[in-house]
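Quick notes on the structure that follows.
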Amino acid sequence: MTVRTRVAPSPTGDPHVGTAYIALFNLAFARQHGGQFILRIEDTDQTRSTPESEQAILDSLRWLGLEWDEGPDVGGPHGPYRQSERKDMYKDFAMRLVEEGHAFLCFRTPEELDALRETRKASGQHTALKQSDLELPAAEVEHRMAQGMPYVVRMRVPEEGVCVIDDLLRGPIEMDWGQVDAQILLKSDGMPTYHLANVVDDHLMQITHVIRGEEWINSAPKHKLLYQYFGWQMPQLCHMPLLRNPDKSKLSKRKNPTSILYYQRMGYLPEALLNYLGRMGWSMPDEREKFTRAEMFENFDLQRVSLGGPVFDQEKLSWLNGVWIRENLDAEAFAAAYCQWALNPEYLMQILPLIQQRVEKFSDVAPLAGFFLAGMMPVQPNSFEHKTLTPEDVKRILQFASWYLDQQRDWHKDTLFAGFKQLAEGMGYKIRDFLFPLFVAIAGTAQSVSVVDAMQILGPDMSRARVRYALDQVGGASKKEAKRWEKEFQILLQGEEASEA
């Protein structure tokens, strides 16, 4: 048997360090066994998936040195490797389950589903809905079908009993079928859910080992049942521990930058970041902290993975990156690496036109452009002193701007400015005053080039991180304020969407 592993990210946002972490361990396991590693793009969420996000995933994984044997850009015998290009086959598999009695058409409306859950909750039962709750009489099904009402395809699940999942790291895991709902397999728009597409694709792509995050443990019974229904052999499952913030909470962008592009823009070496990800819950036999990708693959043993939540600590990553810079780069290599990071023509040609009109001599360049080559700005509360804005105003503007930037996918200066202008008007600020805290957050001073031009060049990852950092420096919003402000923000956002429509 040829070992085949995969990573299957969704192109719905910035490429996540958690994706790289899972990809690294899948690649290491495949290489250890002389097997193959596959990259599959799971883009069934058509409203949020973008080509730009997919390309960012490919670029960032390659930057880290994670290569794949089959994928959307390199092809392979089991393609296509984008789920959106495979969507026609999923309906056939779903309807096969319906015909064989393992799934059913569900015409329940959202209101009916809410009522059913409330009924189960009131009677002290699990709120997971079963076929006994959801199925309608045949006559009602025919009536709703004739009316053209939308329906989904749901799988049948046992109403009681225990499902045992064999995990390579954790051993047997027992799970109560009572907590497993009659999962939707095919949505009303004809697109599959993750669960159906995942199982079908893993089978057709001959995946032998599924190494994924522990957040998918609760889905494992559904997947095991689907393999049984189809009569297919289930891959070996291995659920890796989740990456954690230093406070042990799940790694999230609100507490820790999570985008691979952020760490690239900050000037981390790809070898150092990959080394650090390799230390997340795993260690070399001799316990040394610095090792290459080749050394990790040569010594890799999945059983050395610790189930304790590995902490992704930026300070420790920075220390390790410094070790790599000092030990692996001589002066000439350091100069070449720095020039490639900061002074490459593509990046410089975005910056220089903005500052040239302000330059009288070349020694003016560094003060004007320095913030393009830096990490977090050294801002303090007094950095945001303003003749009309109160400290409360500054916090509110930074918080609303942070929320806006988090959900913004079109990262163009004109789009950003239009969004800020709409926010400013809705919040009751002049646009010039609204932009002042953002100038300080992004450039460290209000005396700088256009803030939206700068944000377009810096990119979403660095821009968001600087705004969040500035918000932390001025104290951030209290829980009560954040709750109230988030309601206001959602109202403003709805107004923006309505005006666009």
Quiz item: Is there a ring pair (Phe, Tyr, Trp, His ring centres under 6.0 Å) between Tyr276 and Trp319 once you walk through the steps?
Solution: CA-CA 10 Å; Tyr276 189 67; Trp319 168 83; 9.3 Å; no
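Taking every heavy atom of both residues into account, Ile355 and Ala369 meet most closely at CD1-CB, 3.9 Å. Closest approach of Val452 to Lys413, counting heavy atoms only: O-CB, 3.6 Å. Across Pro11 and Glu42, no two heavy atoms sit closer than the pair CD-O, 3.7 Å. For Tyr347 against Phe372, the heavy-atom pair with the smallest separation is OH-O, 2.8 Å. A pairwise comparison of heavy atoms in Arg6 and Phe37 identifies C-CE1, 3.9 Å as the closest pair. The two residues Thr5 and Leu27 come nearest to each other via the heavy atoms OG1-N, 4.4 Å.
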Determine all donor-acceptor pairs shorter than 3.5 Å in which one atom belongs to a side chain in residues 258-265; sequence neighbours excluded.
| residue | atom | partner | partner atom | Å |
| --- | --- | --- | --- | --- |
| Ser259 | OG | Leu261 | N | 3.1 |
| Ser259 | OG | Asp461 | OD1 | 2.7 |
| Tyr263 | OH | Pro257 | O | 2.6 |

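Heavy-atom neighbours of Lys290 NZ from other residues, nucleotides or ligands within 6.0 Å: above the threshold of 12.
Just one residue in the list Arg40, Arg4, His223 forms a side-chain hydrogen bond (donor to acceptor under 3.5 Å, both in side chains) with Asp202, and that residue is Arg40.
Checked for salt-bridge contact, Arg396 and Glu488 meet the test: a charged N lies under 4.0 Å from a carboxylate O.
The line from CG of Leu320 to CD of Glu315 is 14.0 Å long, rounded to the nearest 0.5 Å.
Geometric assessment of Arg288 against the ring of Phe291 yields a negative cation-pi assignment under the 6.0 Å and 45° thresholds.
Residues Phe417 and Val451 are not in side-chain contact: their nearest non-hydrogen atoms beyond the backbone lie 4.5 Å or more apart. Residues Asp181 and Lys222 have side chains in contact (heavy-atom distance under 4.5 Å, counting atoms from C-beta outward).
Using cut-offs of 30° and 60° for the angle between ring planes, the Tyr21 and Phe25 rings count as perpendicular. Relative orientation of the Phe29 and His209 rings is tilted, given thresholds of 30° and 60° on the angle between their planes.
No hydrogens or angles considered: nothing links the side chains of Glu295 and Asn299 as a donor-acceptor pair under 3.5 Å. Under 3.5 Å, the side chains of Tyr268 and Ser318 contain a donor-acceptor pair of N or O atoms. Side-chain contact check for Asp45 and Thr12: no donor-acceptor pair (N or O, by modelled atom type) lies under 3.5 Å.
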